[in-house]
Amino acid sequence: MAKKISPTDIYKLLPKKNCGECGVPTCMAFAFKIVEGKANPSQCPYLSEEAKDALLTKTAPPVVKVEIGTGRNKVVIGGEKVAFRHEEKFYNEALFAVEISDRMSSEEIIEKIKEAEEFRIERMGQTLKLNMFAVKSVSGNAEKFVETLKIVKQHTNLPLILCSTTPYSLMKALEFVGEDKPLICPVTSMNVNQMAVLAKKFKTPVAVHGSNLEEVKTLITRLNQFGVNEILIIPPGQNLMDEISSLTIIRRGAVEKKIKTLGYPTLVFPNLIKVNNGNFKDYWEVMASAAFLLRYGGIIILSNIVKWAVLPLMLLRQAIYIDPRIPLQIKPGLYVIGSPDENSPVMMTTNYSLTYHIVSNDLKIQGISTYLLVVDTGGLSVNTSVAGNKINPDSVARLIKENRIEEKVKHKKIIIPGRAAKLGGEIEDVSGWEVLVGPFDSREIKGFLEKKWLRQ
Amino acid sequence: MSSIPISFEKYEGEIKEVEIGATKTEGGTRSYSVTVGGDKYLPLYSFEGINPNPPRIAHEVYCYHAPLPGSLFNFFGDLVDNPVEWSREAVNKFKAEMVNLRLTDAFSIRNETFKKEISNVIEEVLQAVKVPLLITGVMDIIEMDDYRKNNEILTKSAEICEGEKCLIGPVYTNAFQEIGKACLEKKHPVLAKTNMDVNQALKLNTSLLNLGLTNKEIIMDVTTGALGYGIEYTFSTLERVKIRALRGDKILQSPSIIFSSESWLARELQEEDKLETEKTGITFEVLTAITGIMAGANISSSLHPEAAKLINEFVNNFFNEPKQFITVEEWLKTR
């Protein structure tokens, strides 16, 4: 496992004035914040340049952070610190890029871009979407490549990946879209010097492609000599097993063995898997994408956008990149749904973000007005918190009291989730409120109320 | 320049192998047995070493009250009301290597008629198919009485299946004794279920070991959610349990299981659009299984036969015939 820097290591380099000008009262507290990634050394006004450099080197993530694109649509990849999410968290979400070829007709390109841009899902307060386009030169013709890029640029502002084995084509393309800071690839042993010159000139990140990790390291060393540091690695491998091995060695090599030439994010191509069976081909791309998502794949190039495939991938990405230390949760307390009055029901759910969003949405759809008490379960779902004893009946009673529910309604009944049924007795005992056990599924609340509430 | 690592850790521990299904020579009637576990390395760490047994898949068959979404009811048709025929179909048509007979919810166990009927079904399934069996009871405890129902039906199952080495469970931290003892006596491995907490898993395994079971007779279910509702917990708990066991914690050195079938409960799959929903559901199930397998699960209990087939393909791709990737250069030549 990776050795973490200790706050004492950082503290040694700080001025020890405890002036508080960085926003934190003491230098030691500041050191802790830096270690947690919540403060930046440059917030300290009294650091010497030398100490600042030393601190930045010490605190720099072992996987370099790379930015692609500019302005509002800029994306960030890398900056990772651990190999296992339970050790801390994964920082910058994997990115999905959609493939476009210069052999496609302009109608096809426009259609594909439109489809990709329209694919958006609002979920747990985040917008899940496709992030980039990978434009490849299949024709080998620089003009054709630029022509394609013109169409692409007209229809999207998302960051681009330019793919061609010919540095000349890439140069022509960069003359056109260079200011947008696209990623260019592949850098190989055949073209490394020319690519380095292009990357330097246009200040663009590059992705390296070698037949094994030694070759990749050599290429990176060469790029570094040119002063190119914004790099992605295409993991070498002839099959999924190889690639997963490469990805694992790259991440753990960077994080644990501090191998600088492996300390870069990755670019993966699940679309390169060779499958004969037409029916399974789509599935294979999704399966390979999932494997990459779970094992350090950075930018993932997809060949097609089909809802049944992209939706689950998006959900998996969201899950893997959730900070395991702070589950997606909302603030516990009283939430008013619709316009409840003194006869409206009082309900309870947990503060897991997904649970709350599902329940409140279902209530709205069913046109129910209610006082919804959201109890603190540390961001766990009803099911999980019941199993793990994370719903404390005392805190339910406290919520009722603190929010003065007794003054808001003229009954003393609270509806709890069906899955929390076994807590009913205890909640009744400590709160003095009558507990009604609601349905398992919040879509059935309306039916439940009709039977159990309105008839009372 | 430092060289490429070929190993990151030397593991002191290894996962014990668990055998499911007893053949004639072992006193059962299964035509073969399936061995899971035996992991010496983290999953898919082929540069460190290859684990002896690839993950295996069990096809689920529901003994009444299958909690299936509409699209699956359409797919399984009349089989939903006929667990014996469903088992037969799972093995003959869908090539199931193992069948997980799910006695489903506590409602089915609510009265004597049902209990008798479930017992009959188990006996008939044992006759109808000869693959190793998993028998799972109440997976979702809602009220305290559910523990009692679970104990009752699984203790009974252990008796009916004596000698067959079925994987029987779940047992829980506060309800493990009756079933544990029955399994010990009738020689079945036990499915130990805890929720996303390594300490809970330790506690339950310790209890089972104290009963006299060994790690070779325990399969752990430490999962909590499928894709779309908590798979991140499932992933990390599986990973933590596996790492801890490999580093030498003997108590946790049993294989683990993932229920990819849980995927069908995801909100996103409750929509109307039938065909797309089915395909999306298959993908949900496959990705849930892949997540489990890559975090260390040794068995996937799966529902849709198409999903099971794909999960099997995924596993085979690592252990038997890997599909080649075309090179980036070739990709740049294809439209």
Side-chain angles (χ1 to χ4, degrees), chain A residues 84-86 101 103 136-138 163-165 186 209 213-214 217 221 234 237-241 243-245 248-249 252-253 256-257 259 261 269 272-275 280 283-284 286-287 290-291 294-295 307-309 311-313 315-316 319-320 322 324 354 358 381 384 387-388 418-419 421-422, chain B residues 1-6 8 44-47 140-144 194-197 200 224-225 227-233 235-236 239-240 243 266-268 270 276 279-280 282-284 286-287 290-291 294-295 310 313-314 317-318 322-335:
Chain A
F84 298 96
R85 63 186 288 281
H86 62 257
S101 142
R103 280 274 168 81
K136 63 174 181 176
S137 158
V138 176
C163 315
S164 169
T165 40
H209 169 51
L213 281 176
E214 285 301 344
K217 285 171 70 181
T221 308
I234 300 171
Q238 291 166 352
N239 55 52
L240 201 51
M241 181 72 124
E243 301 227 352
I244 293 294
S245 288
T248 308
I249 293 169
R252 290 190 72 176
E256 291 163 33
K257 309 269 177 185
I259 302 172
T261 41
F269 295 78
L272 299 195
I273 194 159
K274 244 200 276 191
V275 186
F280 277 1
Y283 278 121
W284 259 111
V286 188
M287 292 199 286
L294 295 160
R295 279 281 170 85
K307 200 179 168 207
W308 60 263
L311 169 74
L313 282 175
L315 264 50
L316 184 58
I320 293 304
I322 285 174
L354 182 60
I358 287 176
S381 68
T384 318
R419 284 179 190 280
K422 69 175 179 186
Chain B
M1 196 198 267
S2 30
S3 64
I4 303 292
I6 48 160
F8 289 97
L44 311 186
Y45 269 55
S46 61
F47 54 96
D140 209 356
I141 298 285
I142 304 299
E143 44 188 46
M144 295 312 269
T194 50
N195 266 297
M196 61 157 248
D197 182 340
Q200 270 196 43
T224 25
L227 183 61
Y229 59 104
I231 199 167
E232 61 274 21
Y233 294 110
F235 179 74
S236 287
E239 226 174 28
R240 290 175 62 200
I243 290 171
R267 201 33 82 118
E268 281 77 4
Q270 317 293 324
E276 278 289 289
K279 215 168 174 187
T280 313
I282 291 168
T283 314
F284 265 63
V286 171
L287 295 204
I290 290 177
T291 306
M294 293 193 64
L310 281 157
E313 275 240 345
F314 181 80
N317 185 56
F318 286 101
K323 291 196 170 21
Q324 296 299 300
F325 272 54
I326 60 167
T327 63
V328 175
E329 287 86 350
E330 280 174 274
W331 173 68
L332 282 168
K333 284 180 197 139
T334 48
R335 193 191 123 101

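Proteins get letters first, then strands, A, B, ... in listed order; numbering begins at 1 in each.
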Inter-residue atom distance [X].[atom1] - [Y].[atom2], 0.5 Å rounding:
{"X": "B/L310", "Y": "A/M287", "atom1": "CG", "atom2": "CE", "result": "5.0 Å"}
{"X": "A/R419", "Y": "B/D140", "atom1": "CZ", "atom2": "CG", "result": "4.5 Å"}
{"X": "A/L313", "Y": "B/T283", "atom1": "CG", "atom2": "OG1", "result": "8.5 Å"}
{"X": "B/T280", "Y": "A/K307", "atom1": "OG1", "atom2": "NZ", "result": "7.0 Å"}
{"X": "B/Y45", "Y": "A/R252", "atom1": "OH", "atom2": "CZ", "result": "4.0 Å"}

Is there a side-chain contact between [X] and [Y], using heavy atoms and a 4.5 Å cut-off?
{"X": "A/L294", "Y": "B/F235", "value": "yes"}
{"X": "B/F284", "Y": "A/L315", "value": "yes"}
{"X": "A/L240", "Y": "B/P322", "value": "no"}
{"X": "A/T384", "Y": "B/Y233", "value": "no"}
{"X": "B/N317", "Y": "A/N239", "value": "no"}
{"X": "A/F84", "Y": "B/R240", "value": "no"}

On a heavy-atom basis, which atom in [X] and which in [Y] lie closest, and how many Å separate them?
{"X": "A/K257", "Y": "B/P5", "result": "CG-CG, 4.1 Å"}
{"X": "A/R85", "Y": "B/E232", "result": "NH1-O, 3.1 Å"}
{"X": "B/K323", "Y": "A/K274", "result": "CD-O, 3.6 Å"}
{"X": "B/L332", "Y": "A/P186", "result": "CD1-CD, 4.0 Å"}

Applying a strict 4.5 Å limit to non-hydrogen atoms, the region of B/Q324 in contact with chain A is both
Please determine, among [options], the option with the most heavy-atom pairs under 4.5 Å with chain A.
{"options": "B/K333, B/E239, B/Q200, B/E330", "answer": "B/E239"}
{"options": "B/V328, B/I231, B/T327, B/D197", "answer": "B/V328"}
{"options": "B/I6, B/V286, B/L287, B/T224", "answer": "B/L287"}

Of A/I249, A/T165, A/T248, A/I244, the largest count of non-hydrogen pairs under 4.5 angstrom with chain B goes to A/I249
Most heavy-atom pairs under 4.5 Å with chain B, out of A/I234, A/V286, A/L316, belong to A/L316
Using modelled atom types only, decide if a donor and an acceptor are shared between the side chain of A/K136 and the backbone of B/T334 within a distance under 3.5 Å. yes
Those residues at least two apart in sequence (or on a different chain) that pass side chain to side chain donor-acceptor pair (under 3.5 Å) with B/W331 are A/E99
If one checks every heavy atom of A/L213 against chain B at 4.5 Å, the contacting part turns out to be both
Okay, A/S137 and chain B: the region with an atom under 4.5 Å from a heavy atom over there is backbone
